[in-house]
Amino acid sequence: YVGYPESEDETTDIMTKISALHELDEALRQLISSGQIVRELKSSCPTFDRLSPADLKAAFITAQLNAIHDILQTDPTNKKVVIGRRHLLTALRATKPSLPERDYCMLMSAYRCFRKGRELTGDLPKAISLLEEVVNIPGLNQYVQAPIKLDLGDYYLMSGEVWEATLLYSQVDKAFV
């Protein structure tokens, strides 16, 4: 599981790793690795900060489909699909975040009250309460819900609630078997 990036550098790192799985033109690869594309999108795309790593990966797949569509229109004999800047920017701007803004804000506030950077801080009961709210959001995707349940289980263990933690771990295990 890769959580939401907490900085431009983390977003750049995630995009660089995802881009390694695709054929990109060299100019785009440089824009990604330098972080320039992240900075451009942060200023021009209001929902870019709310895109999860899974959303970013989906945008790369959409960009690849955009490139295939262009090839089919211009040179159907061309077998090499190369994603260009236009393909990726169009895909990223069209990608909708997995979580609605309200749910994203709730998730981030739950994590912020318990984590500062990577260190444990804050109010454990408040973190548990907020994560319980997030886990119980109706219609929450199981792939988004599972890591939250695992974190909530960890927090239960830290607060001595072994049974609650075991129950959550079992739910996640059962959901993916």
Side-chain angles (χ1 to χ4, degrees), residues 1-73 79-119 127 130-131 133-135 137-152 154 172 175-176:
Y1 168 74
V2 178
Y4 281 86
E6 296 178 13
S7 67
E8 282 185 18
D9 287 342
E10 284 186 18
T11 305
T12 298
D13 187 47
I14 290 167
M15 288 186 68
T16 300
K17 287 187 175 37
I18 295 169
S19 70
L21 304 171
H22 298 276
E23 186 73 35
L24 274 60
D25 71 27
E26 200 49 47
L28 176 58
R29 194 167 300 284
Q30 179 58 35
L31 286 172
I32 292 170
S33 65
S34 71
Q36 186 175 342
I37 202 123
V38 170
R39 289 186 294 280
E40 180 180 333
L41 284 160
K42 280 182 171 272
S43 66
S44 67
C45 181
T47 60
F48 182 73
D49 280 337
R50 290 191 7 240
L51 295 179
S52 70
D55 297 331
L56 295 171
K57 183 176 180 185
F60 273 88
I61 293 168
T62 301
Q64 186 173 28
L65 292 172
N66 291 345
I68 291 169
H69 184 73
D70 281 356
I71 288 170
L72 291 174
Q73 287 185 334
K79 302 283 187 210
K80 186 170 182 170
V81 178
V82 178
I83 299 172
R85 182 178 189 275
R86 181 178 52 83
H87 300 124
L88 185 60
L89 288 177
T90 300
L92 283 164
R93 287 185 177 124
T95 300
K96 304 265 188 278
S98 295
L99 291 176
E101 185 171 10
R102 177 186 171 277
D103 299 342
Y104 172 81
C105 290
M106 188 183 302
L107 175 66
M108 291 299 107
S109 69
Y111 280 100
R112 260 188 233 113
C113 79
F114 189 67
R115 297 173 108 160
K116 184 83 173 160
R118 300 282 183 217
E119 300 298 314
L130 287 168
L131 285 178
E133 284 184 52
V134 173
V135 164
I137 293 172
L140 186 63
N141 179 305
Q142 72 175 354
Y143 295 100
V144 173
Q145 187 183 54
I148 298 167
K149 280 186 172 185
L150 293 174
D151 285 347
L152 182 56
D154 293 345
V172 172
F176 295 98

Are any non-hydrogen side-chain atoms of [X] and [Y] less than 4.5 angstrom apart?
X: L99; Y: I137; answer: no
X: P53; Y: P5; answer: yes
X: Y4; Y: E10; answer: no
X: E23; Y: V81; answer: no

Let me confirm one number: the [atom1]-[atom2] distance from [X] to [Y], rounded to the nearest 0.5 Å.
X: F60; Y: T95; atom1: CZ; atom2: OG1; result: 10.5 Å
X: T62; Y: K57; atom1: OG1; atom2: NZ; result: 12.5 Å
X: S34; Y: I32; atom1: OG; atom2: CD1; result: 9.0 Å
X: T11; Y: D49; atom1: OG1; atom2: CG; result: 7.0 Å
X: L88; Y: L92; atom1: CG; atom2: CG; result: 4.5 Å
X: L131; Y: L150; atom1: CG; atom2: CG; result: 11.5 Å

Residue pair [X] / [Y]: nearest heavy atoms and the distance that separates them:
X: F176; Y: Q142; result: CZ-O, 3.8 Å
X: H87; Y: N66; result: O-ND2, 3.4 Å
X: A63; Y: A91; result: N-CB, 3.6 Å
X: I83; Y: A67; result: CA-CB, 4.3 Å

Problem - From CA spacing to verdict: salt bridge (charged side-chain N to carboxylate O under 4.0 Å, His left out), R93, E40 - result: CA-CA 11 Å; R93 287 185 177 124; E40 180 180 333; 3.6 Å; yes
Problem - CA sep, side-chain torsions, deciding dist, call: K96, D55, salt bridge (charged side-chain N to carboxylate O under 4.0 Å, His left out) - result: CA-CA 8 Å; K96 304 265 188 278; D55 297 331; over 6 Å; no
Exercise for the section: Report yes or no: do T16 and R29 form a side-chain donor-acceptor pair below 3.5 Å? Expected result: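 Checked: T16/R29 side chains show no N/O donor-acceptor pair below 3.5 Å.
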Exercise for the section: State, without any angle test, whether D9 and T12 hold a side-chain donor-acceptor pair at a distance under 3.5 Å. Expected result: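 Side chains of D9 and T12: no pair found under 3.5 Å.
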Practice task
Could you give me the CA-CA distance, side-chain angles and deciding distance for K80 and V82, then say whether side-chain contact (heavy atoms from CB on, under 4.5 Å) is met?
Solution key: CA-CA 6 Å; K80 186 170 182 170; V82 178; 3.8 Å; yes
Practice task
Determine yes or no for a side-chain-to-main-chain donor-acceptor pair under 3.5 angstrom, with Q145 supplying the side chain and V135 the backbone.
Solution key: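 Checked: pair present.
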Handout entry: Test log, rule side-chain contact (heavy atoms from CB on, under 4.5 Å), inputs L28 and I37
Key = CA-CA 8 Å; L28 176 58; I37 202 123; 3.8 Å; yes
Exercise for the section: Please name all residues satisfying side-chain hydrogen bond (donor to acceptor under 3.5 Å, both in side chains) with S19, sequence neighbours left out, ordered by chain then number. Expected result: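 By the side-chain hydrogen bond (donor to acceptor under 3.5 Å, both in side chains) rule, S19 matches no residue at all.
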Exercise for the section: Give a yes or no on whether E101 atom CD has more than 12 heavy-atom contacts from other residues, nucleotides or ligands under 6.0 Å away. Expected result: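 No - once you tally the heavy atoms of other residues, nucleotides and ligands closer than 6.0 Å, there are 12 at most.
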Practice task
Please test I14 against L56 for side-chain contact (heavy atoms from CB on, under 4.5 Å), starting from the C-alpha separation and ending with a verdict.
Solution key: CA-CA 8 Å; I14 290 167; L56 295 171; 4.0 Å; yes
